[in-house]
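As the structure lists them, so they are numbered: ligands from 1, and atoms in each ligand from 1.
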Amino acid sequence: MTFYKPRIIISACLDMQQVRYNGSFVKDDFVLKLKNYCEFIPICPEISINLGVPRDRLILYKSNNEIRLFQTLTNKDLTDGMLRFSDNFLKNLNDFDGFLLKAKSPSCAIGNALVYKDKEAKVFHAKGRGIFGSEIIRNFPNYPIEDEGRLRDVNIKQNFLIKVFALANLRNSKSTMNNINKLMEFHRENKYLLMAFNQQKLKSMGTLIAKFKKDDNFEKIKEIYFNLFVSSLASYVNKGKYLNVLQHIYGYFSDKLNKNEKKYFISLTDKYINNIVDLRTLIEILKIWSLRFENKYILNQTFLNPYPDELG
Ligand code: SF4
């Protein structure tokens, strides 16, 4: 199985660059592993607004219903500079598949930065987004955006990996997908992955392709399809949705299996729901049956091979 490398915009300190306020970096084992399978595009927004290393710490505080980025020791409000940088950086961004940001940072965090009631950071208000993280979410609501802390949750990690590898596949197909047959083939191979994420959009994409006529503008249809594909991945797949797809695929083989095989598979789905076995176990069984019954259609499904096994 060939996987295209996802292009991931990553907080530079997570990519082991010594850009934190005290000149340190963050060493995260999973991020280190991920680097072997992805192309990282590192960015440090605080360095990008000329703060330098080392620098005095920044904090977030709430003022008149707005979250401000502030450097207490120098009494500098850096919110507008950070917003300007974010706008400039994000509007020029092309060819990427997701974001991996540093948790808790007043600039990069996507939800767990400390926000204070005062500029001196003495009174805690709530947890919130960093200014750069918040702008990323606002500009790219359909793209996978995570922090390294959240990726320790198996389900969140699986969702993130499935999405970035699916988007890398989509991005790399753009140049070679030059006719409706190729688009149909791509759609066929991604059918069960899309079903897990968004059945409604899967249906819309199927209808779009089915209604294509010889005189239609293929590039336009392709663009609509690609946008639907990206937005369909915006949702979060829980175990119930995965299970629904596993059961659909199981339906291809169930009448060919013996009583004990069926019983065993059903017992494994119960164990999956109860966190005793993981998704991979069920996927491997379905792959074995696809091989045994020579079902190429199922074997080619990206749902069964969403990302390199080594990533867990
Ligand atoms: S968290 Fe963001 S702003 Fe802070 S050092 Fe890392 S990349 Fe730079």
Can you tell me which residue and heavy atom of the protein come closest to atom 6 (Fe) of ligand 1, and the distance to 0.1 Å? C13 SG, 2.3 Å
In terms of atom number and element, which parts of ligand 1 are under 4.0 angstrom from non-hydrogen atoms of S105? 1 (S), 4 (Fe)
If the threshold is 4.0 Å, N to carboxylate O, is there a salt bridge linking E223 and K220? no
Do the side chains of R7 and D95 get close enough for a salt bridge, i.e. N-O under 4.0 angstrom? no
Under 4.0 Å between a side-chain nitrogen and a carboxylate oxygen: does that hold for R68 and E66? yes
Is it the case that the side chains of T281 and D278 hold a donor-acceptor pair, with the cut-off being a distance below 3.5 Å and no angle test? yes
Close-contact set for ligand 1 against V19 heavy atoms, below 4.0 Å: 5 (S)
What atoms in ligand 1 come closer than 4.0 Å to a heavy atom of I43? 7 (S)
Heavy atom of Q18 under 4.0 Å from ligand 1? no
What I want to find out is whether D147 reaches K102 closely enough, with some N-O distance under 4.0 Å, to be called a salt bridge. no
Any N/O/S atom from C108 (main chain or side chain) under 2.8 Å of atom 2 (Fe) of ligand 1? yes
Out of all atoms in ligand 1, which are within 4.0 Å of some heavy atom of R55? Include the element for each. 5 (S)
State whether E135 and R138 are salt-bridged, where the test is any N-O pair (Lys NZ or Arg NE/NH1/NH2 against Asp/Glu carboxylate O) under 4.0 Å. yes
Out of all atoms in ligand 1, which are within 4.0 Å of some heavy atom of K102? Include the element for each. 1 (S)
What atoms of ligand 1 come closer than 4.0 angstrom to any heavy atom of S11? 7 (S)
From C44, does some N, O or S atom reach closer than 2.8 Å to atom 6 (Fe) of ligand 1? no
State the atoms of ligand 1, each with its element, that fall below the 4.0 Å cut-off from a heavy-atom position in A12. 7 (S)
Does ligand 1 have a heavy atom under 4.0 Å from the side chain of L101, from its backbone, from both, or from neither? neither
Any idea how F3 and F165 line up, ring-wise: parallel (<30°), tilted (30 to 60°), or perpendicular (>60°)? perpendicular
Under 4.0 Å between a side-chain nitrogen and a carboxylate oxygen: does that hold for K182 and E185? no
Answer side chain, backbone, both or neither: which part of K104 comes under 4.0 Å from ligand 1, heavy atoms only. neither
Would you check if L233 and N142 make a side-chain contact, meaning some heavy-atom pair closer than 4.5 Å? no
